[in-house]
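The structure appears right after this line, and notes come after that.
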Amino acid sequence: MISLARGPSVLLILAAALATAAAQDTSPASPRPRVKIGFVEIENDPRYEPIRAYERITLKTHEHPYAGAELGVDDATALARVLRADFALERITAKSSADVAPAMLGALDAGTHFFLIDLPAEAFKSLAATLHGRDVINFNVSEPDDALRRDLCAAEFVHVYPSRAQLMDGLVQYIVSRKWRDLLVLQGPSPADAAAATVFEHSAQKFGARIVADQHFKPGADPREREQNDPTLLSAINRDFDVAFVADDTFDFARTVPYRLARPRPVVGSIDLEPVAWHWTWERNGAPQVNSRFDKKTGGRHMEGADWAAWLAVKMIVQSALRTSSADFAKQRTFILGDGTFDGDKGLAMSVRPWDHQVRQAILLAAPYEVVAAAPVEGFLHRTDELDTLGDDEPESPCHLNR
């Protein structure tokens with residue numbers, strides 16, 4: 001049985017105990033340790049470009065998750081006083097991926113050992129090579145690429161943001177729990193679309209669902225190509241299906257799919273029901289308080305998955321200092337990568353998988369204005385930890401950092 005992490009009660013109890021001890025301590029005051037945290041990003045990161053249909057229509061916008069890290073430091077203020085330690089956040093913005101490693105080495109030489117990494121996947125390989133064997137923990141707070149957990153397999157990284165495999169496993173668990181077994185895939189032309197469809201198909205196979213057709217669409221509204229860009233024609237297949245999965249990174253086709261299928265069926269994936277790390281409508285496990293604090297800090301912006309991951313990464317650092325009663329990096333690292341558990345306000349207690357350093361966590365299945373469900377879904381069991389039903393379990397992972 002997995003223990004539930006409910007709100008900040010554990011941290012408050014520990015903080016109260018440390019405060020009592022601190023009040024009784026009459027020894028001379030020593031200099032306050034300073035735990036430095038670097039937030040690493042690049043200028044003009046293409047992942048944060050607005051997604052537009054036309055110049056006048058902006059379909060989606062994404063913000064850098066620096067505000068989530070700031071919120072984590074704000075939340076640490078009370079604990080910082082108890083610990084007699086300061087937590088400092090530095091924003092490191094490089095001009096390009098090639099400039100990231102030198103900037104981080106400079107920060108490392110100046111005493112920063114914790115970094116929140118907000119970079120595209122292609123920037124990780126050279127960074128991992130540069131920092132191999134160094135006294136650092138790099139928290140991946142925004143990149144779901146499974147190859148970072150499987151092929152890169154770097155001991156200096158902790159993946160707080162869920163992997164694409166975790167996200168899709170959560171989605172398919174819910175689909176199967178609703179007895180929607182026959183699935184139609186509508187896949188776009190981009191590499192991101194292909195990656196999403198491949199992982200979805202693997203998840204479907206893992207949990208006993210069937211792909212009845214894999215239709216490739218072509219973006220645009222050219223009437224001469226309507227058999228490739230019209231959702232009604234693309235879904236008019238010989239076999240029936242229970243749900244349509246859309247893989248569309250540009251979102252322009254996905255927005256046309258609901259209510260236009262040849263059969264009245266639910267739509268999941270890039271629109272309608274999406275698997276996410278976090279959602280602004282999540283109303284359990286202390287989430288309303290987190291969302292409210294973030295909303296207030298940002299002037300009304302909704303907290304998204306990367307914001308949550310950055311917030312949780314800072315919380316993991318702070319909690320490691322609290323639980324070890326130390327600002328010593330080696331002790332904190334041992335706690336984070338060892339038996340440490342963390343409350344991410346998603347119900348089940350989180351921890352770092354020893355084989356690939358992915359954070360175990362629940363996945364939220366969100367419609368635009370409601371979280372419909374959370375995975376792992378009831379009935380999907382695991383021999384040790386039900387969170388390991390999501391993503392790469394140890395026997396199937398090619399990464400074995402614990403060996």
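All residue numbers in this chain count up from 1 along the given sequence.
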Open item on the list: As a quick check of understanding, evaluate salt bridge (Lys or Arg N to Asp or Glu O under 4.0 Å) for D392 and R149, giving each step before the final call.
Closed with: CA-CA 9 Å; D392 293 347; R149 288 84 171 165; over 6 Å; no
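- Tested against D388 for a side chain to side chain donor-acceptor pair (under 3.5 Å), the candidates Q358, R360, R383 yield a single pass: R360.
- Here Y174 and F207 keep their ring centres 6.0 angstrom or further from each other.
- Here the shortest heavy-atom pairing between P65 and A310 reads O-CB, 3.5 Å.
- Note: F217 and F253 have parallel aromatic rings, judged against thresholds of 30 and 60 degrees for the angle between ring planes.
- The shortest heavy-atom contact between T341 and F335 is N-CZ, 4.4 Å.
- Between D151 and K125 no salt bridge is recorded (no basic side-chain N to carboxylate O distance below 4.0 Å).
- Taking every heavy atom of both residues into account, L183 and A209 meet most closely at CD1-CB, 3.7 Å.
- The two residues A69 and L116 have their closest heavy-atom pair at CB-CD2, 3.6 Å.
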- [ ] Could you walk me through whether S96 and D99 pass side-chain hydrogen bond (donor to acceptor under 3.5 Å, both in side chains), step by step?
- [x] CA-CA 5 Å; S96 68; D99 297 319; 3.1 Å; yes
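- Applying the 6.0 Å contact sphere to NZ of K331 captures no more than 12 heavy atoms from other residues, nucleotides or ligands.
- A salt bridge does not link R353 with E394: none of the charged nitrogens is closer than 4.0 Å to a carboxylate oxygen.
- Within 6.0 Å of the NE2 atom in H202, the count of heavy atoms belonging to other residues, nucleotides or ligands does not exceed 12.
- With sequence neighbours excluded, no residue satisfies ring-ring contact (aromatic ring centres under 6.0 Å, His included) with H400.
- Salt-bridge formation is detected for the pair D135/R333: a Lys NZ or Arg NE/NH1/NH2 atom is positioned less than 4.0 Å from an Asp or Glu carboxylate oxygen.
- With respect to H302, the ring-ring contact (aromatic ring centres under 6.0 Å, His included) criterion is satisfied by exactly one of W280, Y369, W282, F294: W280.
- Closest non-hydrogen pair, D240 versus D182, comes out as O-CB, 4.1 Å.
- Side-chain contact check for I237 versus R263: some heavy-atom pair is nearer than 4.5 Å.
- A salt bridge links D75 and R293; the closest N-O separation between the charged side-chain nitrogens and carboxylate oxygens is under 4.0 Å.
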